Amino acid sequence: MASPYGIDILIATYNGARTWPAMLDALTLLEPPQRPIRYLVVDNGSTDGTRALLETWAGRLPITLLSCPEPGKMAALHLGANALSGDLTLMTDDDILPCPGWLRAYEAAADAHPEAVLFGGPILPQPFEPLDPWYEHVDGFRDVLFALTDEPEGPVNAVAKVFGPNYLVRTPQAREMLLAPSKLGPTRGNRFPLGDETQMIAGLAQAGGRFWYARGAQVRHLVRRHYTSLDYMLTRAERHGRGHVILNVQGGGDWRGRGGWLISSAAHAAKQALEAAFLDRSRPDARVFERLYRYHWNLGAMRGAVLGPY
C-alpha cells in the first residue's frame, strides 16, 4: 500500500527528447528530501523518442510513466491527477534544471507553513541553444514569455507570481485544481488561449487558499531558439490576451461582460494597427517589440471576447 506521505513530481511531456537528457542529469543531483519521491510523467503522444528515453532512465530514477493519447496538457494532467498518492504534488515541465536543494526547500516550506496550500519558487530563464537576437530586447515581458519569477521568501500573490514550471501543491488541492474543467492551456498548434495555471491557482485563491514563496526552490527554465523568434513571441502575446479576457469574463459568472472587452480591445488594436504596420521588424529593438506585443495582445483579447474559450 502506498504511503500517504510522499512527493509526486507531476510532469506532462510532449516531444521533449531534446531537453529531457539535461533535465534527467540534473535530477540525479538532487538532495533527497525526508519523504519518498516519485516522478509521475505523463507522455502526451510524443513522436520523437521521449517515451523510449524515459524508459531507459526508469532504473536510475523513480519514474512512473503514463500515456495520454488525448492531445493537450490539461488532458495529460487530468490523467496524472488520478494517479497521485503522496501528500505533496510538485508541478513542473520537461525543460527545467532544478537546483540541488529543490525538493528539500519545498518540503521544508510545506512542513513549516501548514496554513499554506500552494508554494512557488524562482524560475530563471536559461538559454538552451543560441537564441534569436530579439530575446535580448524583451526585458519587460520575460515573465509572460519565459515564466521569469524571483520573489522574496514569504507570502505571495500566487496568481501573479507563480508559474507552471515550478510550484508545489498539497495533494487534495492538486487533485481539485487539476480535475476542474478548463478550455485553456497548451494543445496541438499555437492558437490556444493561455491561462490554465492562472485559472487553477485563482480557483484556490477564491476558495481561501494561502500561498507561500519558497525562494530556495529554484529552477532554471531552458529557453529554445524557436521560442525567441519574433513571430512566436507575438503569437504568444495573442494567446495571452485571449486567455486574459476569457478568465476575466468567466470570473464575472457569464459572458455578458464581453462586449466591454471587445470594444476596449478593438479600440486599442485599431489605434495601434497603423503604427504596427510601419514598425521595422528587421532589426531587434525594445521599443518596437513593446509596441508590437501590445498590438498583438489586443488582437488576442478581441478574439477572446468574440470566441470565448473555443
Side-chain angles (χ1 to χ4, degrees), residues 2 6-24 26-27 36-96 98 118 147 162-201 203-204 219 221-222 224 226-227 236 239 243 246 309-310:
I7 303 175
D8 282 318
I9 300 97
L10 179 57
I11 306 167
T13 185
Y14 172 69
N15 284 352
R18 290 191 65 188
T19 54
W20 266 115
M23 179 171 169
L24 289 164
L27 295 180
I37 66 170
R38 176 178 62 150
Y39 297 98
L40 188 57
V41 184
V42 186
D43 179 27
N44 195 203
S46 297
T47 58
D48 67 343
T50 290
R51 185 177 184 88
L53 172 65
L54 292 170
E55 286 173 345
T56 66
W57 276 79
R60 298 179 59 186
L61 291 170
I63 296 174
T64 296
L65 188 56
L66 304 177
S67 293
C68 177
E70 180 183 346
K73 181 179 179 180
M74 288 309 302
L77 293 179
H78 286 172
L79 188 151
N82 287 310
L84 298 173
S85 62
D87 64 322
L88 300 174
T89 298
L90 178 47
M91 306 291 298
T92 191
D93 292 334
D94 59 7
D95 55 1
I96 62 101
L118 182 145
V162 172
F163 301 123
N166 190 24
Y167 65 100
L168 178 127
V169 194
R170 298 193 189 277
T171 296
Q173 286 76 21
R175 288 198 190 96
E176 178 183 341
M177 61 190 276
L178 292 172
L179 294 174
S182 175
K183 295 291 185 180
L184 304 178
T187 186
R188 303 294 187 262
N190 285 326
R191 295 297 175 184
F192 55 83
L194 292 172
D196 48 322
E197 269 106 11
T198 300
Q199 185 178 45
M200 292 189 295
I201 294 171
L204 292 183
V219 305
H221 189 203
L222 298 175
R224 294 173 60 178
H226 75 275
Y227 293 150
R236 189 170 177 87
R239 287 156 43 193
I246 291 168
Y310 302 104

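Everything numeric here is computed off the predicted structure, so don't read it as measured data.
- The only member of V42, N82, D43 that meets side chain to side chain contact (heavy atoms under 4.5 Å, CB included) when paired with L66 is V42.
- Between M91 and L178 the shortest heavy-atom distance is CE-CD2, 3.8 Å.
- Between the side chain of T50 and the backbone N or O of G16, at least one donor-acceptor pair lies under 3.5 Å.
- Here L77 contributes atom CG and L179 contributes atom CG; the two are 10.0 Å apart, rounded to the nearest 0.5 Å.
- Side-chain contact, T89 with R175: no donor N or O sits under 3.5 Å from an acceptor N or O.
- With no hydrogens or angles considered, a side-chain donor-acceptor pair links D94 and T13 at under 3.5 Å.
- Two residues are said to be in side-chain contact when any heavy atoms from C-beta on lie closer than 4.5 Å; V162 and I201 meet this criterion.
- Here CG of L40 is found 6.0 Å from CG of L84. Values are rounded to the nearest 0.5 Å.
- Judged by distance alone, with hydrogens and angles left aside, the side-chain atoms of D8 form no donor-acceptor pair with the main-chain N or O of L10 at under 3.5 Å.
- Note that CD1 of I96 and CG of L222 are 8.0 Å apart. Values are rounded to the nearest 0.5 Å.
- Interatomic distance, I9 CD1 to I37 CD1, rounded to the nearest 0.5 Å: 4.5 Å.
- With H221 contributing its side chain and P165 its backbone, the two residues share no donor-acceptor pair below 3.5 Å.
- Between the N15 side chain and the T47 main chain, a donor and an acceptor come within less than 3.5 Å of each other.
- The side-chain heavy atoms of Q173 and M200, taken from C-beta on, include no pair separated by under 4.5 Å.
- Rounding to the nearest 0.5 angstrom, the gap separating the CG atom in L53 from the CH2 atom in W20 is 8.5 Å.
- Across all non-hydrogen atoms, the minimal contact from M23 to D93 is CE-O, 3.1 Å.
- Residues I63 and W57 have side chains in contact (heavy-atom distance under 4.5 Å, counting atoms from C-beta outward).
- Once rounded to the nearest 0.5 Å, the distance linking CG of N44 with SG of C68 reads 5.0 Å.
- In terms of heavy-atom proximity, Y14 sits nearest to S46 at CA-OG, 3.4 Å.
- The shortest heavy-atom contact between P98 and L27 is CG-CD2, 3.8 Å.
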